[in-house]
Protein chains: 2
Amino acid sequence: MTGKPATIKEIAKILNVSVSTVSRALHKHPTIGITTQIKVQALAEKLGYEPNQNAISFQKGKTYTIGVIIPELAEAFFSAAISAIEDTTYKRNYTVLIAQSHDNEEKEIQLVEKMKNSRVDGLLISVAKTTSSFAHFDMLKRFNIPVVFFDRIPPIKNIHYVACNMETGSIEAVNYLLQKGHRSIGLINGPATLAASGERKEGYIKAMTKNRLKFDPSLIVGCNLTEEGTREALNSLLDHKRRPTAIVTFNDYVSLYAIKHARDLGIDLDKDLQFVSYANLPIINYMDYAPVASVEQFPHLQGQKAADILLDLLARKDQSSDEVQAYYNVIVESQLVENKVRNSQ
Amino acid sequence: MTGKPATIKEIAKILNVSVSTVSRALHKHPTIGITTQIKVQALAEKLGYEPNQNAISFQKGKTYTIGVIIPELAEAFFSAAISAIEDTTYKRNYTVLIAQSHDNEEKEIQLVEKMKNSRVDGLLISVAKTTSSFAHFDMLKRFNIPVVFFDRIPPIKNIHYVACNMETGSIEAVNYLLQKGHRSIGLINGPATLAASGERKEGYIKAMTKNRLKFDPSLIVGCNLTEEGTREALNSLLDHKRRPTAIVTFNDYVSLYAIKHARDLGIDLDKDLQFVSYANLPIINYMDYAPVASVEQFPHLQGQKAADILLDLLARKDQSSDEVQAYYNVIVESQLVENKVRNSQ
DNA sequence: ACTTTTCACGCAAACGTTTGCCTGTTTTTT
DNA sequence: AAAAAACAGGCAAACGTTTGCGTGAAAAGT
C-alpha cells in the first residue's frame, strides 16, 4: 500500500501462480479459470496494483503517447487547438507530449528527433515559420511514425493535414465590406512567403473580380506583422489616391496596431475607416474600435480533427494492413464572424 | 537507415563485441579502450543509432517526463505558465505531459492516477476550483512522486508550492488609486470560497486602514465572475450612498464586463469611474476604456519557478539522501502595472 | 475403457538498456 | 622474472509485461 507500486510478479508469488496467469487473468483472458480470475483481480485490487505503463510501452513498442509540436503554446490559437487535442486523445486513452519550436527551425528539428526517440506513436505538427527544409519530416515517414500537420502545413507532397481555407474567409470578408457599401478596400497582408498570405490575396482578388470591381494591386500591401511594419503599411494605404474606406488585415493583431495608429492620426473609425481581420481573438468583443468582423479559423475544431485523423491512422497501423493508403486532406472552412458589440451599437 | 531503428544489439553483433561494451562505449565509459570507443561511435553514427528512450526509462524506472495538470490550457494564464515550464524543463532534458482537469475534481483524480501509472518523475499541479478532497495528492506522496503546486494551491500542509501573493498587489492597487485622488474605492471580488478573494480583500483593507481611511465593508461586493454577476455587483456599487469613483475588480474579465455595463449606463469612464484589475491580459493595452492598471501575476515566472523546484527535487531524489527536507514555499510578488496606453493619453 | 478434445495454466523468450562482477591480457613494479 | 596492478572487455541479471507454445489433467466422445 505504501512505497513501491505492486507488480504482477508479486501477485503471482503470493497466489502461487505464474506471472503469465496473472497477466491473463487481469486481461480477462478466456483461457484462465473464473475462480483464478477472481482471486487475482481481488488481490490486485487489494494491493492497489496498477500496470506499469512504462513496461507495457517498452514491451509493445507503443507508448500511447502522441507528440505535439507547435510554434508557441502561449498563442491563443495554439493553446485552443491543443486544448482540443488533449481532450480528444484523452478519451481514447492517449496522452500528449507537448513541445514548442518557438518558430525556430533548428529547435523544431531537434524536437522531431527527440519525439522520435521517445517513441511517440504519432505526431501532430504545426510547422515553424522559418522552416525551410523538410528532411526531418521525411525521416518520420521512414520510421513509419504517422504525422498529421495542422494549420501551418509544409509545402510537401503526400502528407496528412488539416488546415483552414483562408480563401473563402477572405471572399466572405470582402463581400461583407462590399455589401456595406465600401468600394475601395485595402488589404494589409502578411509576408509573401506565407501560404496564408497567398490565400488571403487570392480570396481578395476573387471577391473583387466576381463583383465586377476593378482590382487594384496597389491596394494590397505586405507587412512583417510587427507594429512598426503595420504602421508603414497603413500609411501607404492612407496615401493611396483612392484611399480605402475599409481594410482587411492579416490578423487581429495587425488590426489592433492599425487601429491604434489610425486613431493617433485622428481618423474616425466609425465613419471613415473600418477593419476586418482574421483569427477572431476573444479580445475584439471588448474593444471599442475593434474590427467590425473577423474570420474565425476554428482552432478547436482543427485540433480535434487533426487528433481524430492521427488516432485513426494509429488504429489502422495496429491492424497492420495496407501500407500506403490515401492521405487525409481536411479543410476547415473559415467563417466570417461579425463583431457583436460593434454591430449592436 | 530505413525501417526499424538501430539497436545496441545490432551494433554489438556487427562489431563482434558484447552489448555491454557498446553501451559503455557510447557513454564514453573509461574502461573501454579508445579504439573500440571510436569504432562503436562511428558505426552508431552511420546506422543513425538513437537510444530507445522507452527502454531506458523502463530500465531506470525514470521517465524524464514531468506531468502537468492544469484546469484549462486555453486560459492565457495557464498557457503562459506552461510555455515557461516547457522551456525550462526542455533545457534539462525533460519532457512535459500535459492534461487539463477542466476544473473538475473527478477528472483531476483520474489524471493524477494516470500520471502516476505512466510513471512521470514528478508533477506540477494547479488545482481545480471544485477540488475538495485531497487524498489523491497524498497518494503521490506515498509513492514518492514529488509534486509542486502552482498558482492554485490546495489547503494542506507540507507541500511544495509557488504562488502569487495577491495581497501586496491589492495594496499597490488601492494605494495607486488613493494617490490618484480617489477616496471612495469599490472592490468587486470573487467568490468568498477562493483563497485569492481573501487575499484581495485583505490587501484592500490594509491599504485603506494604513492610509487612515475608514474602511466601509459595503464597498466590497462578491461576484461569481460571470458577466451577469458582474453587472449586479456593479449596480450595487453604483447605488452606494458614497458611489465609488474607482473600482478594483477580481480580474480583467470582470473589469471588461463592468466597463461594458458602465458604458451602457452612460458613465464617463475617463472622469467618473476608473478600474484597476488583475491578471494583466495582453488585451488591455488595446482597449480604449481599459482598466488604468492591472496587477500582474507573472504566469511565466511562476511556471518557471515551479519547474525549477521540481527539477531540483528530482535531482536530490537521484542522489537519494535525506528523505524529508524542507518544503519549498515560493511566493511571487504580484505587481501593479500601469496601462501604458491609457496613461499616455 | 481408451482415445480425443477441451480446459487451465506454466515456461520461457522477448522488448533494449544498464551495470555489478568476473576474467583474461598487458603493463608496471620490485 | 615473478607478483601486483591496471586495463579492456564479456557475462548475465534485472527492469515488468506480454504472448506463443507446450503440457498435464479433466471432460467428452466412441
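Letters go in sequence order (proteins before strands), and every chain restarts at 1.
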Salt bridge (Lys or Arg N to Asp or Glu O under 4.0 Å) contacts touching residues 78-102 of chain B (sequence neighbours left out): A/K107-B/D87

Geometric class of the A/F150/A/F78 ring pair [parallel <30°, tilted 30-60°, perpendicular >60°]: perpendicular

Pairs meeting criterion salt bridge (Lys or Arg N to Asp or Glu O under 4.0 Å) with involvement of residues 13-27 of chain B, two or more places apart: none

Nearest-0.5 Å distance, CG of residue B/L140 to CD1 of residue B/I125: 6.0 Å

Distance (rounded to the nearest 0.5 Å) between A/F143 CZ and A/D138 CG: 12.0 Å

Distance, nearest 0.5 Å, that separates OG1 of A/T89 from CG of A/D121: 11.5 Å

Considering all heavy atoms, the nearest B/E108-B/A128 contact: OE1-N, 2.8 Å

Least distance between heavy atoms, A/S83 atom then B/H102 atom: OG-CE1, 4.5 Å

Of A/K60 and A/K9, the one whose closest DNA chain D nucleotide lies more 5': A/K9

Verdict with reasoning, A/V147 to A/I159, per side-chain contact (heavy atoms from CB on, under 4.5 Å): CA-CA 8 Å; A/V147 185; A/I159 55 173; over 6 Å; no

Boundaries of the chain A footprint along DNA chain D (any atom under 4.0 Å from a heavy atom): D/dC15 to D/dC21

Residues in contact with DNA chain C, drawn from residues 26-42 of chain A - heavy-atom cutoff 4.0 Å: A/T31, A/I32, A/G33, A/T36

Sorted by number, the residues of residues 12-22 of chain B with heavy-atom contact under 4.0 Å to DNA chain C: B/S20

Check: A/S118 and B/T95 side chains under 4.5 Å, non-hydrogen atoms: no

Non-hydrogen side-chain atoms of B/D308 and B/Q304 separated by less than 4.5 Å: yes

Interface residues of residues 51-59 of chain B with DNA chain D (non-hydrogen, below 4.0 angstrom): B/F58, B/Q59

B/F137 and B/F149 aromatic ring geometry - parallel, tilted or perpendicular at 30°/60° bounds: perpendicular

